[in-house]
Amino acid sequence: VVECSALLEVLCGKCRYQDAILLYKTMVRLGAVDSVTYWKLLRPLCKAKMLEESLEVMRDARTLGVNLAVALQNKVVMALCRAKRLDDALGVYHEIQTPDFYTYTSLVQGLCRVRRMEDAFFYMNEMVSKGLFPDVHTFTSLIHGLCVANRIQEARALLEQMVDKGLNPTSVTFTVLIDGLCKGGMVDEALALLQRMLQRSCDPSVFTYNILIHGLCKAQRMDDAYKVLEEMLLGKGACAPDIFTYTTIIDGFCKAKRSDEAFRLMERIAAKGLCPDVVTYSTVIDGLCKEDRLEEAVGVFASMKDKGCAPNTVTYNSIIGGLCRAGRMDRAMIMLASMREEGCTPDLKTYTSLVSGFCKKNQVDTACGLLVEMAGKGLVPDVVTLTTLVDGLCKDGKLDEAAGLIRTMSKRGCTPT
RNA sequence: GGUUGAAUGAUGACGCAGU
């Protein structure tokens with residue numbers, strides 16, 4: 001048993017899991033397994049995320065009456081939680097005689113990750129009732145889960161609760177809540193939370209700032225967003241902005257129709273030793289297109305290529321969208337061709353822009369032709385694409401065809417994404 | 001007895017509301 005178990009460890013160490021399992025099965029047949037055997041096999045299997053195999057091996061242990069240590073069972077619970085297989089994880093949990101801190105931590109965090117908040121709280125209470133206390137990470141998970149479920153007030157209450165219990169929220173804890181507050185439209189509360197972090201000398205990370213700036217931009221509070229950027233640069237919470245920071249705020253200025261300020265920031269990127277990437281360029285290009293500054297957009301498009309930054313599907317979508325809105329369908333189709341040449345795959349958004357553009361030029365037939373082309377490429381039009389076409393057909397007086405299309409849509413269960 | 005937590009940027013149609 002001892003030698004074979006050692007061999008299992010060697011095989012697993014060399015990633016020869018199937019061989020290890022074969023050996024293990026032979027050992028089972030010979031009745032030569034003990035708890036060490038399971039350590040040597042199950043731990044690597046979990047690490048390799050071989051969940052089915054792990055579960056099966058665990059079942060054997062049960063049948064054979066070999067007792068597994070809680071620590072080992074926890075490995076399986078953890079691996080299942082990571083794979084979001086919470087029901088399986090709970091199944092294993094129920095087999096554990098004395099679940100411990102790690103068992104509960106894995107379960108509660110896993111349940112949060114799959115948004116099963118009520119279950120998460122149930123097991124947290126279970127944990128507490130056994131005298132085991134959730135740590136900062138678990139609280140952070142719970143706060144995050146509540147935020148995603150739009151239960152921001154409960155998330156805030158939980159922060160207070162953990163502070164009351166003497167736990168020290170980390171930058172992650174605060175960041176998660178700041179994000180939740182922003183997404184819930186409570187940007188001022190988010191700003192206040194940043195202040196509280198600073199007061200507690202909890203250092204905001206670049207994530208914290210980016211999330212906050214993003215929230216302020218979406219709330220159309222560009223001046224506040226800019227202030228936060230300045231705070232990063234020279235305030236007491238000094239933290240180097242990254243390309244995400246700049247792209248976010250550039251997008252905000254573009255959407256606020258303050259593209260002059262966007263350009264000024266664009267120039268500051270290089271001075272900071274950063275380099276605009278494809279997202280930054282796409283952001284600016286989209287902004288220019290939406291301000292009907294098509295030629296400038298095309299200019300930026302050319303210069304990004306000059307600088308060795310390859311446009312992607314989004315970049316092309318922005319340009320093609322701009323051309324379509326401007327009714328320049330000839331140029332839009334040329335862009336579509338070069339998009340393909342450069343290895344960018346047109347997606348639903350590309351086609352929707354084109355369909356919309358052709359419809360607006362009363363070329364509904366061409367638009368329908370694009371749908372045929374899509375089908376040939378295995379692209380399934382969604383509700384947006386089809387609504388675009390329905391709109392075009394209606395405005396072209398082809399009501400029967402539009403009605404037919406709507407029937408097809410509902411038959412297909414075509415729903416908004 | 002351990003790998004325990006979270007998070008950030010760009011692109012499509014119509015409609016609604018407002019003008």
Side-chain angles (χ1 to χ4, degrees), chain A residues 43 46-47 69-72 74-75 77-79 81-82 100-110 112-113 134-145 147-148 169-180 182-183 205-215 217-218 241-252 254-255 276-287 289-290 311-322 324-325 346-357 359-360 381-392 394-395 416-417:
Chain A
R43 187 151 68 155
C46 287
K47 203 169 175 176
V70 188
L72 185 54
N74 284 345
K75 292 283 182 199
V77 172
M78 276 182 196
C81 285
R82 278 186 170 271
D100 64 7
F101 173 82
Y102 294 100
T103 323
Y104 284 110
T105 297
S106 295
L107 280 180
V108 173
Q109 295 181 2
C112 288
R113 210 174 298 131
D135 65 5
V136 182
H137 298 264
T138 303
F139 269 102
T140 303
S141 273
L142 288 162
I143 290 173
H144 180 240
C147 285
V148 171
T170 65
S171 154
V172 176
T173 319
F174 282 110
T175 303
V176 164
L177 193 49
I178 286 175
D179 190 38
C182 285
K183 297 212 164 98
S205 68
V206 67
F207 289 99
T208 317
Y209 283 112
N210 289 353
I211 286 167
L212 196 50
I213 289 175
H214 186 248
C217 289
K218 293 297 162 205
D242 62 10
I243 192 61
F244 280 56
T245 322
Y246 282 105
T247 304
T248 304
I249 200 158
I250 284 172
D251 185 51
C254 285
K255 291 196 164 60
D277 65 10
V278 62
V279 178
T280 319
Y281 283 116
S282 302
T283 303
V284 172
I285 288 170
D286 190 62
C289 285
K290 288 192 173 135
N312 64 15
T313 297
V314 175
T315 323
Y316 276 105
N317 284 351
S318 287
I319 290 260
I320 290 175
C324 289
R325 277 190 299 274
D347 63 10
L348 281 184
K349 294 186 182 187
T350 323
Y351 279 105
T352 304
S353 291
L354 291 165
V355 167
S356 168
C359 286
K360 293 217 166 91
D382 68 357
V383 67
V384 179
T385 316
L386 294 176
T387 304
T388 307
L389 191 57
V390 167
D391 185 54
C394 288
K395 289 184 175 144
T417 43

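In what follows, every chain begins at residue 1, and chains take the letters A, B, ... in the order their sequences are listed.
One N or O donor and one acceptor, one from the side chain of A/T385 and one from the base of B/G12, sit under 3.5 Å apart. Counting atom types as modelled, A/T170 pairs a side-chain N or O with a base atom of B/G5 as donor and acceptor under 3.5 Å. Side-chain N/O atoms of A/D347 and base N/O atoms of B/G12 include no donor-acceptor pair closer than 3.5 Å. One donor-acceptor pair, N or O on each side, does fall under 3.5 Å between the base of B/U4 and the side chain of A/D135.
When distances run from any side-chain atom of A/D286 to the nucleotides B/U11, B/G9, B/A6, the shortest one goes to B/U11. Side-chain proximity of A/Q109 to the nucleotides B/G12, B/G1, B/G5 is greatest for B/G5. In this structure, of B/G9, B/U8, B/A6, it is B/U8 that holds the atom nearest to the side chain of A/N210. Relative to the side chain of A/K255, the nucleotides B/U11, B/G12, B/G1 differ in distance, and B/U11 lies closest. Comparing B/G5, B/A10, B/A7 by their nearest atom to the side chain of A/T283 picks out B/A10. Comparing B/A10, B/U8, B/G12 by their nearest atom to the side chain of A/F244 picks out B/U8. Closest contact between the side chain of A/T387 and the listed nucleotides B/G9, B/U11, B/A13 involves B/A13.
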Next on the checklist: With side chain to side chain donor-acceptor pair (under 3.5 Å) as the criterion, how do A/S356 and A/S353 come out once you've worked through the C-alpha distance, each side chain's angles and the decisive distance to 0.1 Å?
Outcome noted: CA-CA 5 Å; A/S356 168; A/S353 291; over 6 Å; no
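The phosphate of B/G5 has OP1 or OP2 within less than 4.0 Å of a side-chain N or O from A/R82.
With sequence neighbours left out, A/D391 forms a salt bridge (Lys or Arg N to Asp or Glu O under 4.0 Å) with A/K395. Residues that satisfy the salt bridge (Lys or Arg N to Asp or Glu O under 4.0 Å) test with A/K255, not counting sequence neighbours, are A/D251.
No hydrogens or angles considered: nothing links the side chains of A/D286 and A/T283 as a donor-acceptor pair under 3.5 Å. A/S141 and A/T138 share no donor-acceptor pair across their side chains, judged by distance under 3.5 Å alone.
Atom NE2 in A/H144 sits 12.5 Å away from atom CD in A/Q109 (nearest 0.5 Å).
Within 4.0 Å of A/S141, counting heavy atoms only, lie sugar-phosphate atoms of the nucleic acid but no base atom.
The strand RNA chain B forms no stems, meaning no runs of 3 or more Watson-Crick or G-U wobble pairs with distances below 3.5 Å.
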